[in-house]
Structures are given as structure tokens and as C-alpha cells.
Amino acid sequence: MSELILTERPRPGVLLIRLNRADALNALNVELVEELHTVLADVRHDSETRAIVLTGNGRAFCAGIDLRGYGTPPGAAAGEGRPQAGMRVQQHIASLVEAFRGARPPVVAAINGAAAGGGMALALMADVRIMADTAALHASFINRGQSSCDIGVSWLLPRMIGFSRAAEILLTGRPVDAAECERVGIVSSVEPVERLLGAALDTAENIARNSPFGVWMTKEVMWSNLEVPSLRAAIDLENRTQILAAMTKDHREAVYSFLEKRPPVYRNA
């Protein structure tokens, strides 16, 4: 692996992922996206990694797809037509949505600077977003002659802030600053840039202190219940999940540690 993606473990149970193309504002090319896929696949079923923080090196979070050239995704065949080659690139990037959703550890995006186009999509894929006060989101697809409905944005954003607000943002492609992102509910908090990473790591560490199964099921059920057709279906899924969680040894440890006034020791059992 090159150094386009940097990883470290700064807190117990927390994996920090840094996009590391600062000279290109962390724009997405095939190598960076492929490495991100690899990291997410490695932690998809990893019970030792309890939470992930995603951020960018340099002054941008991610400037979106690299307009100087994305590159050729794995599996491309010689002689492919333009639609086939284009779809391969599109699916290579868009499959990050399911990769983030499918990873057991919740993802906290520390949006340190501009997040444009695919970079905005990357931020929206996270489970929790914390934003630097100097950062902004840009649905810049439409400013480049394309649709703003890309990489899951048209599904994610309206569910966060409602259809009308999302439509105005996606149809204009205007920048959405940190204050507005917090006001309308795109991000959970805004921090001074020098405190951003610490705040994101604190949030991830607070998540990581909880039982692995409880965190896994909370993330999975929340995402699933965005798609179920009724309240009854959502409650049925909650009921079954809660009984599963109640049968774990970690649940008993949580109860005993509370009664004994000591920190719990979870074993993912």
C-alpha cells in the first residue's frame, strides 16, 4: 500500500484514517479509492476496531473526483466502450457508500476543510459528522455540468434535512458553511479547526467504550430503519435485535459493572 491513506490508532479501539493527497486537496483517484476500500474491508468484521475517524490531511477534507484524471479501476478490459469504462469508474467510487455502511465500526467524519462533490458524498456516508468552523460543503457536481444526484447524496441528504432544503443545495451547488450545516442538522457540531480532530477522537472514544455488539447493532438497525416501510417493521427489527443483545455476556457485564460501580470490561461475547 502507498501512503495515499494513512492509518493510526490514537485511542483504545479507535482507527484514524487520513486521506493523504494534500497537494491535490485529497481529490479522489483510483489509487486512493482502492486503498480506502482495502482499509474498510480490513475492519468490516473487526471487533477490535470499535470506531473510525475519517479526515483529510492539509487544508481540504476532499475536493471530489480528480478532474485531471481518475485512473482505471481494477478489472478493466481492453477495448471497453466509453459507457462501460465510465460505469466501472462510477461503481468503483459509489461502492464506497456500502463499504462505509457495511463496516461494523461507526465512522466519525472530521471535516477539516472543503468537502466538494465526491468529498461531500464521503462526508455524508459517515455515521457522525463534526466540522471545522472554516470548512464548507459543496454539491459541485452540478457546477461541472453533471447531476448533483451522485454517490448516494440524493438519498442521504434529503433524509438528513428534508427534501426542500436538500433540493436547494443540490440544484444550486452553492457552498454550505459550517454554521448552516450545524443549523440544519448535517453535522452534529462545529469546532475550531485546531480542536476538530480532538473532538472527533473524543466522540469515537465515547462510542468505543460501549459494548461491541451494542454499537454494531445500533449502527446496523439505524441504517436499516431508514429503509423499512413502516413503524411496525422498524419496531419488529428493534425487538429482535434487543433480545439478541440481552443474551450476550457483555450485556450481563454491563449490568454487573453498573451495580458494582466499576468500568465494564467487554469481551465481545
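Quick note: numbers below take in every heavy atom, side chains included, and nothing from hydrogens, waters or symmetry partners. One is the number of the first residue; the rest follow in order along the sequence.
Classification of the Tyr70-His92 ring pair by plane angle, with boundaries at 30° and 60°, yields perpendicular.
When each of Asp202, Asn206, Leu16, Val53 is checked for a side chain to side chain contact (heavy atoms under 4.5 Å, CB included) with Arg11, only Asp202 meets the rule.
Ion pair Lys219/Asp127 flagged as a salt bridge, since at least one NZ, NE, NH1 or NH2 atom sits closer than 4.0 Å to an Asp/Glu carboxylate oxygen. A salt bridge is absent between Arg101 and Glu220: the closest approach of a Lys/Arg side-chain nitrogen to an acidic carboxylate oxygen does not fall below 4.0 angstrom. Taking 4.0 Å as the cut-off between side-chain N and carboxylate O, Arg165 and Glu180 do not count as a salt-bridged pair.
Ile235 is listed as a side-chain neighbour of Asn239, based on a closest heavy-atom distance under 4.5 Å. Between Asn143 and His138, the closest side-chain pair of non-hydrogen atoms is not below 4.5 Å. At a threshold of 4.5 Å between non-hydrogen side-chain atoms, the residues Glu238 and Val221 count as touching. Side-chain contact check for Leu157 versus Leu170: some heavy-atom pair is nearer than 4.5 Å. For the pair Thr55 and Leu19, the minimum side-chain heavy-atom distance is 4.5 Å or more. At least one side-chain heavy atom of Met160 sits under 4.5 Å from a side-chain heavy atom of Leu124. Side-chain contact between Phe61 and Leu137 is absent, with no heavy atoms from C-beta onward closer than 4.5 Å.
By the 6.0 Å contact criterion, CZ on Arg59 is open, its count of non-hydrogen atoms from other residues, nucleotides or ligands being 12 or less.
Judged by distance alone, with hydrogens and angles left aside, the side-chain atoms of Thr203 form a donor-acceptor pair with the main-chain N or O of Ala199 at under 3.5 Å.
Across all non-hydrogen atoms, the minimal contact from Pro74 to Val30 is CD-CG2, 4.4 Å.
We find the CD-CD distance between Glu182 and Glu191 to be 8.5 Å, quoted to the nearest 0.5 Å. Note that CD1 of Ile5 and CZ of Arg21 are 10.5 Å apart. Values are rounded to the nearest 0.5 Å. For the atom pair Ser188 OG and Met131 CE, the distance stands at 11.5 Å (nearest 0.5 Å). If you take CG on Asp177 and OG1 on Thr134, they are separated by 11.0 Å, rounding to the nearest 0.5 Å. Remark: Leu6 CG to Glu3 CD distance equals 6.0 Å, nearest 0.5 Å. The NE2 atom of His251 lies 12.0 Å from the CZ atom of Phe213; values are rounded to the nearest 0.5 Å.
Under 3.5 Å, the side chains of Glu48 and Asn268 contain no donor-acceptor pair of N or O atoms.
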Exercise. Thr49 and Arg9: side chain to side chain donor-acceptor pair (under 3.5 Å), yes or no, with the steps?
Worked result: CA-CA 9 Å; Thr49 301; Arg9 295 184 179 272; 3.0 Å; yes
For this session: Give the intermediate values and the outcome of salt bridge (Lys or Arg N to Asp or Glu O under 4.0 Å) for residues Glu8 and Arg18.
Result: CA-CA 9 Å; Glu8 58 183 289; Arg18 296 180 188 266; 3.5 Å; yes
